[in-house]
Amino acid sequence: MSAVTGDQPRQKWRELEKQNNLVNTLDRVFYWLVILGAVAISAVLLWIGVQIAISALPAIRTFGLQFLVTTTWDPVRNIYGALPQIYGTIVTSIIALVIAIPVGVGVAVFLSEDFIPNSIRTPIALAIELIAAIPSVVVGLWGIFVFIPFIRPFYDFLHNNFGWIPLFSTAPRGNSLLTLGIVLAVMISPTIIAISRGSLIALPRDLRQGALALGATRWETILRVLIPAAFSGIVGSIMLALGRAMGETMAAAMLVGNSNQITTSLLAPGATIASIIAAQFGEAGRDQVAALLYSGLILMILTLIVNILAEIIIQKFQNIE
Amino acid sequence: MTILTGGFTILILIPLVAIVWDVAREGIGQLGIQSFTELPPPPGLTEGGFGNAIIGTIYTLGIGAAFSVPLGILAAVYLSEFGRGTQLAYMVKFATNVLAGVPAILAGLFAYTVVVLTTGTFSAFAGGVALSVVMVPIVLRATEEGLLLVPQEMRQAAIGVGATKFQTISRIVIPAALPSIATAVTLSLARAGGEAAPLLFTALNNNFWSTDIWAPIATLPVLIYFYAIIPFKAQQQLAWTAALVLLAIILTVSISSRLLTRRKFQ
């Protein structure tokens with residue numbers, strides 16, 4: 001039988017080896033492909049920043065850091081300064097946060113404790129999260145035709161009775177910093193609610209039971225024990241919400257009035273970085289495009305700082321858990 | 001305090017109900033078959049629809065998905081199958097979360113400088129590139145969650161019978177996670193389908209039928225924006241109807257995907 005040790009088994013062996021090599025190669029190719037995908041995602045973020053910075057270079061060279069502190073925006077003479085937009089972005093974000101933080105945290109507490117039965121709580125949480133899914137252009141449309149007519153009488157009241165306060169000194173037109181601030185508050189609340197609620201629910205049960213056992217009332221437990229314990233998660237959610245408020249574009253372009261000026265009055269129209277890019281980019285000449293890209297770069301830097309801080313704060317919270 | 005927070009909860013639900021209610025009320029009157037098959041009317045006339053914008057939305061979303069879905073799935077496979085606990089995985093997750101927070105309009109500026117300036121024209125392709133930036137973090141995060149739900153025993157069983165990593169992932173893990181991957185893709189399409197900001201200066205707009213991916217194209221969100229801010233009643237009416245269609249699609253997708261994932265976690 002030793003005669004059979006000819007070519008047949010050896011050939012079979014070679015075939016198997018070849019197949020095995022193929023499988024191994026495939027495995028290795030797949031591994032590198034997957035790594036490439038993972039690296040590409042991080043690279044995209046970098047690419048966006050670099051690309052916008054390079055395109056903004058002409059405006060950066062011309063205006064330098066003066067761009068941040070001057071108020072002229074004159075496409076005819078090609079002089080640009082972004083202070084009014086930066087001011088508008090900050091003011092509308094602050095208004096939004098002032099409203100959304102108490103409401104958001106309050107709702108998060110309400111929906112994480114057992115004030116109401118679970119069968120009602122879950123659908124409410126779902127419904128609130130749906131606000132975040134409404135396209136911002138639809139919110140803007142609703143804002144123009146429903147919200148502004150609704151809120152106008154209230155603005156008139158504010159102006160007529162409290163007009164002596166600089167904040168309400170201009171005759172209200174509807175489109176204003178305050179309008180956008182309120183609408184932004186609605187748009188960012190779900191972010192605060194979802195993440196704050198998540199971090200409140202994640203707290204160990206012993207914490208609550210311990211506090212109650214020491215004789216604390218329900219609200220003492222919530223305010224002195226639970227909220228401090230979930231603090232970093234709540235702060236992280238607020239930072240994320242701030243990032244969203246600063247970058248919100250369509251609702252801003254439709255509701256803020258797109259007027260490039262700085263006024264102390266919240267009832268006056270204004271502009272945000274995102275709104276001015278949306279409103280002017282389409283018809284902008286070359287120099288103006290560069291100036292708008294420079295504004296975009298500022299927005300990118302601002303939102304990156306806020307988002308990275310949020311990320312770090314939230315991850316720190318998860319590590320404690 | 002209880003009453004106050006309860007009141008806040010009702011307060012925050014009011015805008016949701018109001019928006020859905022008002023969009024339905026204003027939009028339903030004009031809704032009809034012509035909404036999906038006809039072009040928008042010229043100023044002064046009233047009939048018409050937004051068929052071209054629906055085609056355009058499908059085009060830009062298709063191009064966006066073609067970039068973002070493979071990339072997002074590959075990166076998600078890395079995170080769940082290879083990179084658990086590694087430095088690279090940490091970096092990728094961090095970058096993804098930050099990318100998810102980058103304002104959508106910056107995705108538009110990015111696609112403008114990369115595609116529009118290079119090709120010299122606004123186009124459906126540029127719009128798709130911008131949308132892919134919006135979509136990729138959503139695809140990645142939702143896919144990763146789906147992959148992590150696949151029981152570890154299934155992987156061990158596959159490896160145990162001699163399968164390689166690639167065979168395990170392609171024959172066992174991905175098929176098992178396919179429903180969650182489908183949800184991830186649908187969710188990202190729903191999110192990107194409502195974005196107007198990245199399309200304003202990439203896909204721009206087009207008042208006529210267009211199926212050319214290298215030419216400007218109309219999309220639903222951009223159409224809503226332009227028609228909301230012009231003073232013609234018929235166009236405003238069309239914006240409401242388009243908003244109704246868009247909102248109906250997006251809310252349906254969001255609600256059903258939330259319900260599906262919720263059931264899976266329990």
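Throughout, protein chains are lettered first and strands after them, A, B, ... in sequence-line order, and every chain is numbered starting at 1. Computed from a prediction, not measured in an experiment: that's the story for all the values here.
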Surrounding CZ of B:R84 (heavy atoms of other residues, nucleotides or ligands, distance under 6.0 Å), is the total greater than 12? yes
Can you check whether [X] reaches [Y] side chain to side chain, under 4.5 Å on heavy atoms?
{"X": "A:Q19", "Y": "A:L22", "value": "no"}
{"X": "B:L246", "Y": "B:I224", "value": "yes"}
{"X": "A:V23", "Y": "B:Q167", "value": "yes"}

Tell me, out of [options], who's got the most heavy-atom pairs with chain A below 4.5 Å.
{"options": "B:I14, B:L251, B:V102, B:L109", "value": "B:L109"}
{"options": "B:M1, B:E26, B:M91, B:Q236", "value": "B:M1"}
{"options": "B:I105, B:L200, B:V222, B:V253", "value": "B:I105"}
{"options": "B:V17, B:I169, B:L79", "value": "B:I169"}
{"options": "B:L106, B:T164, B:L71, B:V133", "value": "B:L106"}
{"options": "B:P137, B:G7, B:A197, B:G72", "value": "B:A197"}

Which of [options] touches chain B most, by non-hydrogen pairs under 4.5 Å:
{"options": "A:G243, A:A278, A:A253", "answer": "A:A278"}
{"options": "A:I277, A:L297, A:V39", "answer": "A:I277"}
{"options": "A:W47, A:F147, A:Y31, A:F115", "answer": "A:W47"}
{"options": "A:I48, A:V105, A:T303", "answer": "A:I48"}
{"options": "A:L36, A:I41, A:L292", "answer": "A:I41"}

A:F30 vs B:V77, test: side-chain contact (heavy atoms from CB on, under 4.5 Å). Steps then yes/no. CA-CA 10 Å; A:F30 180 66; B:V77 167; 4.0 Å; yes
Side chain from CB out, backbone as N, CA, C, O: work out which of these in [X] comes under 4.5 Å of a heavy atom of chain A, or both, or neither.
{"X": "B:F226", "answer": "neither"}
{"X": "B:Y112", "answer": "side chain"}
{"X": "B:L247", "answer": "side chain"}
{"X": "B:Y225", "answer": "both"}
{"X": "B:L99", "answer": "both"}
{"X": "B:A18", "answer": "both"}

With a 4.5 angstrom heavy-atom cut-off, which part of [X] approaches chain B: side chain, backbone, both or neither?
{"X": "A:L141", "result": "both"}
{"X": "A:T249", "result": "side chain"}
{"X": "A:V146", "result": "side chain"}
{"X": "A:L223", "result": "side chain"}
{"X": "A:V289", "result": "side chain"}

Do you know the tightest heavy-atom contact between A:N258 and A:S275?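 The answer is OD1-OG, 3.1 Å.
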Looking at B:K165 and B:E81, is there a salt bridge between them, counting it only when a charged N and a carboxylate O are closer than 4.0 Å?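 The answer is no: the pair does not qualify as a salt bridge.
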Charged N to carboxylate O below 4.0 Å: is that the case for B:E195 and B:R191?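 B:R191 and B:E195: salt-bridged.
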Check whether any side-chain N or O of B:T113 sits under 3.5 Å from a backbone N or O of A:S55 as a donor-acceptor pair, and report yes or no.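 No: the side chain of B:T113 does not pair with the backbone of A:S55.
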Please report the C-alpha distance between A:W219 and A:V109 in whole Å, then the side-chain angles of each, then the deciding distance to 0.1 Å, and finally whether the side-chain contact (heavy atoms from CB on, under 4.5 Å) criterion is met. CA-CA 10 Å; A:W219 276 104; A:V109 168; 3.8 Å; yes
Nearest 0.5 Å, what's the CD1-CG distance between A:I201 and A:L226? 11.5 Å
If only side-chain N and O atoms count, and only distance matters, is there a donor-acceptor pair under 3.5 Å linking B:T219 with B:T57? no
Kindly determine whether A:V139 and A:V183 satisfy side-chain contact (heavy atoms from CB on, under 4.5 Å), including the steps that lead there. CA-CA 8 Å; A:V139 176; A:V183 171; 3.5 Å; yes
